[in-house]
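Letters A, B, ... mirror the listed sequences (proteins, then strands); counts begin at 1.
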Amino acid sequence: MLTFEQQLTGLIQQSFKALNFDEKFGKVVISNRPELCQFQCNAAMPLAKIAKKAPIEIAKEIIANIPENDIIGSIEAVMPGFININLTTEFLASQTQNLVNDKRQGLAKTKNPKKSIIDYCGANIAKSMHVGHLRATIIGESIKRISKFIGDDALGDIHLGDWGTQMGMVITAVKEQQPELPYFDESFEGEYPKQAPFTIKDLGVMYPDISGRSKEDEGLKEECRKATVELQSGRKGYRALWQHIVDVTMVELKADLADLNVDFDLWLGEASSDAFVPATVEQVKASGVSRVSDGATIVDVTPQGKHEVTPLMLLKSDGAVVYATTDLATIKERVDEFKAQEIVYVVDGRQSLHFYQVFDVAKRSGIATDTNMIHAGFGTVNGKDGKPFKTRSGGILKLRDLINMGKQAAFDKMVEAGRGDVFNEEEMKEIAQKVGVSAIKFADLMNHRSANYIFDIEKFVQFEGKTGPYLLYTDVRIHSMLAKASEAGLKAGTIIPATTDSEINLMLTLDKFKTAISKAYDDKAPNVICDHAFALTQAYARFYNDCHILNEKDSAKQASWLALSTIVAKQLELIFELLGLQVPDKM
RNA sequence: GCGUCCGUAGCUCAGUUGGAUAGAGCAACUGCCUUCUAAGCAGUGGGUCAGGGGUUCGAAUCCUCUCGGACGCACCA
């Protein structure tokens with residue numbers, strides 16, 4: 001289904017053809033002056049220069065040559081040469097009618113679906129998720145859902161940090177405490193225990209402890225490094241212990257992700273790409289792009305414009321692999337094993353140089369020649385002081401605590417609003433979970449991903465204005481009203497031509513869904529959808545206020561309004577799905 | 001030093017393939033519940049789009065310089 005502006009553009013272009021004007025100018029856009037008109041075409045101004053004629057005259061000619069149609073209700077040329085267009089209410093109603101039973105709300109699937117891997121979250125094994133993972137996780141989840149909706153074969157990959165020094169540290173810590181365990185006995189031949197020798201709570205204490213001590217103690221640091229190397233080179237006992245660490249961490253990780261309504265198609269990580277490291281290094285070397293400098297193997301990178309870029313480090317002077325190497329190996333894995341045509345990295349924007357290097361080398365070495373690689377970078381979550389968000393004591397805020405803050409705030413707000421009289425304790429908690437998490441997620445997603453934003457829980461719990469709860473509230477109100485209508489035996493009917501401005505505005509807004517989703521998909525920018533969602537809820541709230549549905553005497557009008565409300569609820573819920581927001585039945 | 005991003009209302013931010021009088025939300029003020037959830041709706045006030053110069057019929061948007069801020073710059077990830 002085409003948007004209104006696309007259909008109008010089609011009409012204008014027929015006029016352009018008749019007049020022999022360059023069709024590229026014949027574009028109709030949504031009016032930036034809604035009080036003057038719904039749509040506008042500004043082609044007359046640039047054409048005036050070419051045709052050497054007054055723009056207003058050109059505008060009039062364009063209008064005169066538009067074919068007969070039942071779409072345009074009014075069209076006029078305005079000084080200096082703007083063309084202002086309004087639709088007929090009949091056309092508006094019939095187009096809106098098409099949305100009633102449309103699960104895709106008018107947006108067709110792409111004709112060229114891609115195999116796409118969305119890399120986001122980046123949680124670490126043996127460490128809890130913290131505030132730094134928030135944006136990566138929820139923006140990535142939304143980008144993945146949008147891609148799937150558009151029709152791509154998109155796979156979300158958590159890309160776990162499960163192969164780094166933190167693993168050696170935890171292994172060393174376990175060895176300190178329980179050296180008698182069979183994992184440390186290299187001559188051990190039997191079956192290792194199924195039960196992990198530690199709990200998630202133990203890990204939570206062990207990792208920060210040994211991480212802190214190894215910063216001061218060179219000997220300990222070396223021991224951790226050695227354990228890491230031994231793990232990576234396949235020491236059997238360490239691999240078994242590693243599996244325990246992964247399993248134990250995953251329990252907590254999955255609980256956090258479930259709370260955030262986030263899920264993955266692939267639970268891969270650095271460990272799974274490790275197998276591709278030797279082949280990757282070999283391919284880069286064989287391609288001839290690398291050279292040795294100060295004992296290290298590096299790759300010179302294509303300059304950005306006129307400016308030289310720091311080379312990529314492939315192997316350290318001691319032969320060890322680094323971050324860039326494992327990322328290249330991951331690309332190789334995704335291209336060779338998954339046939340990825342596109343890889344999207346939802347990773348902190350401060351790593352843009354790293355991705356520039358990696359993508360450049362991946363292309364030039366032949367690891368990924370036809371794969372489109374995108375770094376969808378995002379800004380930091382800052383505190384009120386404008387600096388990266390910390391706890392009051394200056395520590396790193398755990399994601400779990402952040403989620404709980406949202407839940408508690410939503411709960412308190414419900415109590416304040418007197419909802420405690422309507423719901424019991426258990427219902428309140430369930431609603432607060434959805435509302436609180438949605439408040440945080442929407443507040444994050446509504447900001448353009450590349451910008452930093454200030455995390456102000458006090459503000460998110462206001463629950464007024466452009467917030468997640470406001471969106472949920474609109475949907476909940478619609479369902480509450482529809483339920484009452486159904487009890488009264490009222491049914492939705494055909495959408496009839498609008499008689500009020502708020503209806504017209506609502507119908508025009510519903511049509512913008514298609515444009516919003518497409519733009520969000522193209523730019524990997526969920527905030528575009530947030531803007532549309534807010535505009536839609538505002539348009540509905542105004543309509544809801546102006547047109548009292550259940551009291552309406554005219555039954556055709558009433559049936560039309562019920563249908564309109566149903567569409568809004570449907571489109572809103574589709575948007576919630578794409579943003580990863582969960583909506584309660586009541587609130 | 002080199003590079004990237006940014007500077008829009010008191011606050012938090014949209015808006016960059018150049019279009020009419022620059023938009024939201026919050027905060028402030030004024031109305032609206034014997035009617036579908038007032039977590040709502042309607043309205044008012046609030047701006048040298050950091051600053052200068054340029055390109056043009058037209059610039060927040062493009063070019064250039066200045067000031068201010070954030071971030072990044074091979075043997076960490």
Side-chain angles (χ1 to χ4, degrees), chain A residues 27 29 31-33 35-36 40 42 45-46 48-49 55 78-82 84 122 124 161 163-166 270 293-299 301 304-305 307-324 326-327 348-354 356-357 377 379-380 382 384 386-388 410 413-414 416-417 419 422 435 443 446-448 450-454 456 459 462-467 469-470 472-474 476-485 488 502 527-528 530-531 534-535 537-538 541-552 565 586-587:
Chain A
K27 217 171 185 187
V29 296
S31 166
N32 57 1
R33 296 286 304 277
E35 70 281 13
L36 294 180
Q40 60 184 343
N42 302 328
M45 269 80 78
K49 216 181 270 179
V78 181
M79 285 300 278
F82 294 105
N84 292 351
N124 291 310
W163 208 233
T165 355
Q166 83 268 22
E270 293 161 355
S293 164
D294 291 341
T297 305
I298 61 166
V299 184
V301 173
Q304 273 181 317
H307 306 284
E308 290 293 319
V309 174
T310 321
L312 173 140
M313 173 147 306
L314 190 67
L315 295 174
K316 296 200 285 185
S317 48
D318 65 1
V321 302
V322 275
Y323 185 37
T326 53
D327 261 2
D348 194 318
R350 288 174 291 192
Q351 295 194 31
S352 62
L353 176 62
H354 165 75
Y356 179 83
Q357 296 171 318
T380 52
N382 294 343
K384 283 186 197 170
K387 300 216 169 100
K413 185 70 187 182
M414 287 178 69
E416 199 182 297
R419 307 305 284 167
V422 186
V435 174
M446 69 184 267
N447 294 289
H448 185 83
S450 68
N452 300 337
Y453 79 96
I454 292 181
D456 181 353
K459 200 174 126 184
Q462 291 296 316
F463 294 172
E464 280 135 14
K466 195 172 179 178
T467 64
Y470 172 83
L472 303 184
Y473 175 67
T474 305
V476 166
R477 274 209 297 188
I478 295 172
H479 282 293
S480 173
M481 185 272 293
L482 290 175
K484 285 197 173 152
S502 52
N527 67 303
V528 177
C530 294
D531 282 345
F534 185 62
T537 47
Q538 268 190 319
R542 189 178 147 204
F543 161 76
Y544 179 90
N545 229 259
D546 291 351
C547 305
H548 203 278
I549 301 165
L550 297 182
N551 278 4
E552 178 56 39
S565 300
K586 289 179 180 172
M587 65 187 278

Determine whether any donor atom in the side chain of Ser450(A) lies under 3.5 Å from an acceptor atom in the base of rC5(B), or the reverse, and answer yes or no.
no
Sugar-phosphate, base or nothing in reach of Tyr473(A), heavy atoms under 4.0 Å
base
Selected nucleotide, minimal atom distance to Met481(A) side chain, candidates rC36(B), rA77(B), rA74(B)
rC36(B)
Taking the side chain from Asp318(A) and the backbone from Ala320(A), do they hold a donor-acceptor pair closer than 3.5 Å?
yes
Is there, by distance only and without an angle test, a donor paired with an acceptor across the side chain of Lys27(A) and the base of rU17(B) below 3.5 Å?
yes
Given rG72(B), rA74(B), rA20(B), identify the nucleotide with an atom nearest to the side chain of Leu353(A).
rG72(B)
May I have the distance from Leu312(A) (atom CG) to rC73(B) (atom P), rounded to whole angstrom?
13 Å
Ignoring the backbone of Ile549(A), work out which of rG19(B), rU37(B), rC36(B) is nearest its side chain.
rC36(B)
If we ignore hydrogens and angles and just use 3.5 Å, is the side chain of Gln357(A) paired with the main-chain N or O of Thr310(A) as donor and acceptor?
yes
So do Arg477(A) and His479(A) actually touch side chain to side chain, heavy atoms under 4.5 Å?
no
Contact class for Arg350(A) vs. all strands (heavy atom < 4.0 Å): base, sugar-phosphate, or nothing?
sugar-phosphate
How close or far is atom C1' of rA74(B) from atom CG of Leu314(A), stated in whole angstroms?
11 Å
N/O (side chain, Lys466(A)) to phosphate O (OP1/OP2, rA14(B)) under 4.0 Å:
no
Which part of the nucleic acid, if any, lies within contact of Ile454(A), taking any heavy atom under 4.0 Å across all strands shown: a base, the sugar-phosphate backbone alone, or nothing?
sugar-phosphate
Could you let me know what rG7(B) is paired to, Watson-Crick or G-U wobble, both distances under 3.5 Å, or none if it's on its own?
rC67(B)
Would one find a side-chain N or O of Arg33(A) under 4.0 angstrom from OP1 or OP2 of rG19(B)?
no
Base, sugar-phosphate or nothing for Ala541(A)? Non-hydrogen atoms, less than 4.0 Å.
sugar-phosphate
Listed nucleotide nearest any side-chain atom of Arg419(A), set rA39(B), rC2(B), rA24(B):
rA39(B)
Quick check: does any side chain N or O of Asn382(A) sit under 3.5 Å from a backbone N or O of Ile454(A), one acting as donor and the other as acceptor?
no
Taking C-beta and beyond as the side chain, do Lys466(A) and Asp531(A) meet within less than 4.5 Å on heavy atoms?
yes
Quote, to the nearest angstrom, the C1' distance that separates rA38(B) from rA14(B).
27 Å
Only counting residues at least two apart or in another chain, list the ones meeting ring pair (Phe, Tyr, Trp, His ring centres under 6.0 Å) with His354(A).
Tyr323(A)
Could you please name the option among rC73(B), rA24(B), rA20(B) that lies closest to any side-chain atom of Asn32(A)?
rA20(B)
Is Tyr470(A) near enough to rC41(B) that one of its side-chain N or O atoms lies under 4.0 angstrom from OP1 or OP2?
yes
Give me the distance, rounded to whole Å, that separates rC13(B) from rC75(B) when you measure between the P atoms they each carry.
33 Å
Gap in Å between the two P atoms, one belonging to rU4(B) and one to rU64(B), rounded
11 Å
Among rG19(B), rU37(B), rA70(B), which is the nearest nucleotide to the side chain of Asn452(A)?
rA70(B)
Looking at every strand, decide which applies to Cys530(A) at a 4.0 Å heavy-atom threshold: base, sugar-phosphate, or nothing.
nothing
Say we look at rU44(B) and rG53(B): how far apart would their C1' atoms be, to the nearest angstrom?
39 Å
Quick one: classify the glycosidic conformation of rC33(B) as syn or anti, with syn meaning within 90° of 0.
syn
Ranking Ser352(A) and Tyr323(A) by the position along RNA chain B of their nearest nucleotide, the one closer to 5' is Ser352(A)
Rounded to whole angstrom, note down the C1' distance from rG52(B) over to rG68(B).
15 Å
Side chain to side chain contact (heavy atoms under 4.5 Å, CB included) between Leu315(A) and Val321(A), worked out
CA-CA 5 Å; Leu315(A) 295 174; Val321(A) 302; 3.9 Å; yes
Checking rC2(B), rA74(B), rA39(B) against the side chain of Ser293(A) (C-beta onward), the nearest is rA74(B)
Given rA27(B), rA74(B), rA14(B), the nucleotide with the shortest approach to the side chain of Asp531(A)
rA14(B)
Just call it for Met79(A): base, sugar-phosphate, or nothing, with non-hydrogen atoms closer than 4.0 Å on any strand.
nothing
Tell me the interatomic distance from Asp546(A), atom CG, to rG40(B), atom P, rounded to whole angstroms.
16 Å
On a whole-Å scale, what distance lies between the C1' atoms belonging to rC49(B) and rG43(B)?
26 Å
Check this one for me: any side-chain N or O of Gln538(A) less than 4.0 Å away from OP1 or OP2 of rG25(B)?
yes
Considering only atom P, compute the distance from rU30(B) to rU66(B) and round it to an integer number of Å.
50 Å
For nucleotides rC41(B) and rC33(B), find the distance between their C1' atoms and express it as a whole number of Å.
11 Å
Measure from the side chain of Glu464(A), starting at C-beta and using heavy atoms only, and say which of rC41(B), rC26(B), rG3(B) lies closest.
rC26(B)
Partner nucleotide of rU21(B) by Watson-Crick or wobble geometry (both distances under 3.5 Å):
none
Looking at every strand, decide which applies to His354(A) at a 4.0 Å heavy-atom threshold: base, sugar-phosphate, or nothing.
nothing
Can you figure out which of rC75(B), rA38(B), rU35(B) approaches the side chain of Ala296(A) most closely?
rC75(B)
Taking a pair to mean Watson-Crick or G-U wobble geometry with both distances below 3.5 Å, rA42(B) pairs with rU30(B)
Side-chain N or O of His548(A) less than 4.0 angstrom from OP1 or OP2 on rU35(B)?
no
Touch check for Asn84(A), heavy atoms < 4.0 angstrom, all strands: base, sugar-phosphate only, or nothing?
base
